[in-house]
Amino acid sequence: MRYQRPKGTADILPGDSELWQFVESTARAIFRTYRYQEIRTPMFESYDVFSRTSGDTSDIVTKEMYDFMDKGDRHLALRPEGTAGVVRAFIENKLYGPETQKPYKVYYMGPMFRYERPQSGRQRQFHQIGVEAFGSDDPALDVEVIAMGMQLLNELGLHDLKLVINTLGDADTRENYRQALINFLEPHFDELSEDSQNRLHKNPLRVLDSKDPKDQEFVADAPSILDFLTSEARSHFDQVEATLTALGIDFTVDPDMVRGLDYYNHTIFEIMSNSKSLGEGYTTVLAGGRYNGLVEELGGPEMAGVGFGMGIERVVLLMKDAGVTLPELDQLDVYVVGITEDTSAMTLQLTEAVRQAGMTADRDYLGRKAKAQFKTANKQNARYTMTVGDVELENRTVNLKLMATGEEIIVPVDAVFADFNRVLSDFADEE
RNA sequence: GCGGUAGUGGUGAAGUGGUUAACACACCGGAUUGUGGUUCCGGCACGCGUGGGUUCGAUUCCCAUCUACCGCCCCA
């Protein structure tokens, strides 16, 4: 094969694209009810937008970014996630200004890029649907975002999910906890896994997340971030928990949960599935949290933010695994059969007439015999066939057949052109 | 970036160091003139991911490379 798609990319073909459209339209419908509006930002941004927001030590920045210099010697990067670009746009367009309602609520959907090893549910170009809400510190908004994510997954037919939440607290919380964690782990430095040794000073919270069984033994006794929360952080998180409970949303608190992006603080959450389609164990399909310093970090005013991102590839895998079925939308109403070459113009006219009446129609374009055309009509589950041969051409009629019963009638072509719906209802009345 | 498994037609797959690469599904055509199912008959890989090498000869052995999948890292 001469050409093949780049590693870690996928062609989404008919058969799958319907599922994608369903995911996207469901998301749009739900976001609308929550009053989130769509924002579309570029697929690439200045490299600094991402390095500044994701954190210099994050894996995304250090090894997963698709970055390049353009012909004008600008350092650009394909977006590895959606939030940074939205925040940049929020600031650049001065959406923090008094004329916009707060919280300012937007959603996006589109491709993201990360240079990494492909696996089930992980690609170099993948797609996310995400939401962001700016300008409110209210814990109820954290919960609204979580509830919206949950509802989205539920309406996509996914129910066997678990919601895990945690808090990273505010800046003081984090600094205190970071130090405590380093103090706790340092004496065991030599016993930690190599990965964790690297992580200890770079990003000690990561050690909590280690899958190495030996690391996990230490981690079990490590101090919990929940014991280091400032009173404000404590209060924020308590309200999140209380509000989730009030809404009847089940959740568990995992004090060891961390995020891949450095910009999060306060509430963070993940909605996970343990479906085998995504490999062993629980895999995150939707994740997010609060990022109160981010707007300021990119040069905007002090403005709170909270949001989530959902991986479409993963959701699609889960839906297939769960056997989610879509309503049949592409029913073929009429297949027009032409017997001879002379009928070609007429069959196309008839096909168009059906389409203009708002129904779906198709015909043969391979010059095949009547029998083969009927086979095709049958295979495609056509409700009706319309047959035109020399006789019909002569009489300006067509033979209309209801495939389910085999019943046929002869109707004038002009009736079809004038009002095909009428022709069908008359046909139905005769039965 | 590291480790492992795999790569034969549209699909699922069998196969061997040496004449025409099984079988099934799908698809196309036919079984007396313009009608759908079943059945029957026929057609359908100048080629065994790509590039080298070993050999008289390789799809089958070796090396490299690409891609997919799995695990690690990380993550949606």
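In what follows, chains carry the letters A, B, and so on, assigned in the order in which the sequence lines appear, proteins first and then strands, with residues in each chain numbered from 1.
Taking atom P on both nucleotides, B/C48 is separated from B/U60 by 8 Å, rounded to a whole Å. Taking atom C1' on both B/G71 and B/G18, the two are 41 Å apart, rounded to the nearest angstrom. When the C1' atom is compared between B/C41 and B/U8, the two are found 28 Å apart, to the nearest whole Å. B/C66 and B/U50: their P atoms are spaced 15 Å apart (whole Å). Taking atom P in both B/U16 and B/C25, one finds a spacing of 24 Å when rounded to whole Å. Spacing between B/G29 and B/U67 at atom P, rounded to whole Å, works out to 39 Å. If you take atom P in B/C46 and the same atom in B/U11, they sit 14 Å apart, rounded to whole Å.
Between A/Q4 and B/G49 there is no side-chain N or O to OP1 or OP2 distance below 4.0 Å. Dashed line: the shortest gap from a side-chain N or O of A/R117 to OP1 or OP2 of B/C73 is not under 4.0 Å. For B/U35, the OP1/OP2 oxygens have no side-chain nitrogen or oxygen of A/K371 closer than 4.0 Å.
A/I312 comes within contact range of no nucleotide atom at all, as no heavy-atom separation falls under 4.0 Å. Across all strands, A/G8 comes closer than 4.0 Å only to sugar-phosphate atoms, never to a base (heavy-atom distances). Base contact: A/G121 has a heavy atom under 4.0 Å from a base atom. When heavy atoms are screened at a 4.0 angstrom cut-off, A/E408 is found touching base atoms of the nucleic acid.
For the pair A/M403 and A/Y115, nearest-nucleotide mapping onto RNA chain B gives the more 5' position to A/Y115.
In this structure, the nucleotide among B/G71, B/A76, B/G29 sitting nearest to the side chain of A/T284 is B/A76. The side chain of A/R122 sits closest to B/C73 out of B/G34, B/A68, B/C73. When distances are taken from the side chain of A/A287 to each of B/G34, B/A76, B/C70, the shortest belongs to B/A76. When distances are taken from the side chain of A/V391 to each of B/G34, B/A76, B/C72, the shortest belongs to B/G34. Taking only side-chain atoms of A/R368, from C-beta outward, the nucleotide of B/C28, B/C72, B/A76 with the closest atom is B/C28.
Legend: residues meeting salt bridge (charged side-chain N to carboxylate O under 4.0 Å, His left out) with A/R32, ordered by chain and number and at least two apart, are absent. Applying the salt bridge (charged side-chain N to carboxylate O under 4.0 Å, His left out) criterion to A/R124, with sequence neighbours excluded, gives no partner residue.
Looking at A/D250 and A/K162, no side-chain N of the basic residue comes within less than 4.0 Å of a carboxylate O on the acidic one, giving no salt bridge. With salt bridges taken as basic N to acidic carboxylate O contacts below 4.0 Å, one links A/K105 and A/E144. The pair A/E81-A/R79 fails the salt-bridge criterion, with no side-chain N (NZ, NE, NH1 or NH2) lying under 4.0 Å from an Asp/Glu carboxylate O.
Using a 4.0 Å cutoff on non-hydrogen atoms, the parts of residues 374-382 of chain A near RNA chain B are A/F374, A/K375, A/N378, A/K379, ordered by number.
Counting atom types as modelled, A/Q123 pairs no side-chain N or O with a base atom of B/A76 as donor and acceptor under 3.5 Å. Put simply, the side chain of A/K401 and the base of B/G36 share a donor and an acceptor less than 3.5 Å apart. Residue A/Q373 places no side-chain atom within donor-acceptor reach of the base of B/G34, judged by atom type and a 3.5 Å distance cut-off alone.
Taking a pair to require two hydrogen-bonding distances under 3.5 Å in either a Watson-Crick or a G-U wobble arrangement, B/U60 remains unpaired. When both distances must be under 3.5 Å, the Watson-Crick or G-U wobble mate of B/U55 does not exist. B/C2 is paired with B/G71 under the Watson-Crick or G-U wobble criterion, all donor-acceptor distances under 3.5 Å. With a cut-off of 3.5 Å on both Watson-Crick or G-U wobble distances, the partner of B/A26 is given as none. Under the Watson-Crick or G-U wobble criterion, with both distances below 3.5 Å, B/A76 is left unpaired in every strand shown.
Residue A/D414 places its CG atom among more than 12 non-hydrogen atoms of other residues, nucleotides or ligands, all under 6.0 Å distant.
A parallel orientation is assigned to the rings of A/F90 and A/F134, their planes being inclined by less than 30° (bins at 30° and 60°).
For the atom pair A/Q125 CD and A/R114 CZ, the distance stands at 13.0 Å (nearest 0.5 Å).
Under the 6.0 Å distance and 45° angle rule, A/R52 does not count as a cation-pi partner of A/F50.
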